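Encoded as structure tokens, the structure appears first; notes follow it.
None of these values were measured; they are calculated from a predicted model. Atoms within each ligand, like the ligands themselves, are counted from 1 in listed order. Residue indices begin at 1 and follow the sequence shown.
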Amino acid sequence: MEKTISAYKVHIETFGCQMNEYDTEVVRSLLKAKGFVFTEDRECADVILMNTCAIREHAHNKVYGHLADLKALKRQRKLVVGVLGCMAQNLKEEVTVTAPIVDVLVGPDSYRQLPDLLTRAIASQRTGDVAKGIAVDLSEYETYQDIMPERAAGVTAWIAIMRGCDNFCTFCVVPYTRGRERSRDPQGIIREAEHLAAQGYKQITLLGQNVNSYRFEDWDFARLITGVADVPGIKRVRFTSPHPKDFPPALLDAMAGHTHICKHIHLPLQAGNDRVLKLMGRTYSRKGYLDLVEVIRRRSANIALTTDIICGFCTETEEEFLDTYRAVQDVGYHAAFIFKYSERKNTIAARKYQDDVSERIKSDRVTRLVDLQKAISLQKNRSMIGQTVQVLVEGDAKRSSDQWMGRTDNNITVVWEKCGTGTRPGDFTPIKISRVSATTLLGEEIPIR
Ligand code: SF4
């Protein structure tokens, strides 16, 4: 007897950024509405979907590795394989040629078509047909406004407030894979936040490629984040990422004035040298960035700053790299995501510049910067020893279910032993810090009397 759609089990693997994690939740919601069911176990799945990222080479190579594994699995049994997300959009020819096992290819603006494409792929496998389902059109309007993402139960959740990007940084594929910038209706975002609060979520992270340019009628980002922070039950609101070129003073006012807006800003630097910044198309200077950091710190001294940095961008010299190194020293970030430049197909840099810094030099620069950042992070964390911090309990620690893990308001991870105090995920708990590493604070729970 033929299976109905509800008997087909879908397994989804997600690569890349938080926006991709959020998109997976949107995809789950769209598929669930059409009767598909999900499994965490890929071995018993009838459909395996990979929600992919094209931004970093590592994620990109991982997807090709997984596709090679699936090739073997597909020889053994009937299986529908789908590639979703940025790689589907940006590398459609490459993916279909190098991975002929892919049945369905769907870009980030075409997820509404996915249930139909999967249904057709399943039907065509029954008949031995090999037609591929491809939907990769970019949209000027799609924001999935009416879709309530299908989330795992928890304490923290993401809400995408906008999609796409108009900045065209020369190294970045996002404007090509996710299209032009569109902002969601604020009322829909606030309704989603209220729904999350009713389900017991305590923290929301607002997502956008450039949240500062959020605009919907007379709503800007500062008004939106305040509206979300005002939702009863939501105790913490974070956001990522703002672009340093247009950081509005009104957002700093909102952060300083609202206790529910977390004191953490992820402010991508990318490079600390003006010529390299110009080549990257970042539209701010080193001085402009450092001035902004000063303004932020003057407004709120306890704000934690984190950043993204690319080492070895096209033609970057040692002296220019040292400008980045010194900028990292000057700012003193709490943490930094540091990457080697890797050329991404179809970007401006791939078309116009030569990727001429050797792998050896790129790796050496990454290592030096990572070492520097580790030392800075460790020093900052050491200064917390003896202090008591208020932590939102997120769940078990990664390494041991005998320990809890949570985060401070400014997004530093804290781990402590469970000690029978009745603490639960979603609680706010005071933790006295006693030991630290570069990435984590360790401490003891202070019993609340
Ligand atoms: S701001 Fe630049 S780096 Fe960020 S998504 Fe847009 S183009 Fe990419």
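Annotation: cation-pi pair Arg28/Phe38 present, NZ/CZ under 6.0 Å from the ring centroid and within 45° of its normal.
Closest to atom 6 (Fe) of ligand 1 among all protein heavy atoms lies Cys165 SG, 2.3 Å. Looking at atom 4 (Fe) of ligand 1, its nearest protein heavy atom turns out to be Gln209 O, 4.2 Å. Looking only at heavy atoms of the protein, atom 8 (Fe) of ligand 1 is closest to Cys172 SG, 2.3 Å. In this structure, the protein non-hydrogen atom closest to atom 2 (Fe) of ligand 1 is Cys169 SG, 2.3 Å. Among protein heavy atoms, the minimum distance from atom 1 (S) of ligand 1 is reached at Asn167 ND2, 3.4 Å.
Two rings, from His243 and Tyr284, have their centers less than 6.0 Å apart. Two rings, from His66 and Phe15, have their centers less than 6.0 Å apart.
Near Arg282, meaning under 4.0 Å from one of its heavy atoms, ligand 1 places the atoms 2 (Fe), 3 (S). Of all the atoms in ligand 1, the ones that sit under 4.0 Å from a non-hydrogen atom of His243 are 1 (S). The distance from ligand 1 to the heavy atoms of Phe168 drops below 4.0 Å at these ligand atoms: 7 (S).
With a heavy-atom cut-off of 4.0 Å, Val174 touches ligand 1 through its side chain alone.
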Checking side-chain contact (heavy atoms from CB on, under 4.5 Å) for the pair Leu49/Val80: CA distance, chi angles, key distance, verdict? CA-CA 8 Å; Leu49 301 175; Val80 170; over 6 Å; no
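In Lys374, the NZ atom is not crowded: 12 or fewer heavy atoms of neighbouring residues, nucleotides or ligands sit closer than 6.0 Å.
Between the side chains of Ser377 and Gln373, at least one donor-acceptor pair of N or O atoms lies under 3.5 Å.
A pairwise comparison of heavy atoms in Ala229 and Ile261 identifies CB-CG1, 3.8 Å as the closest pair.
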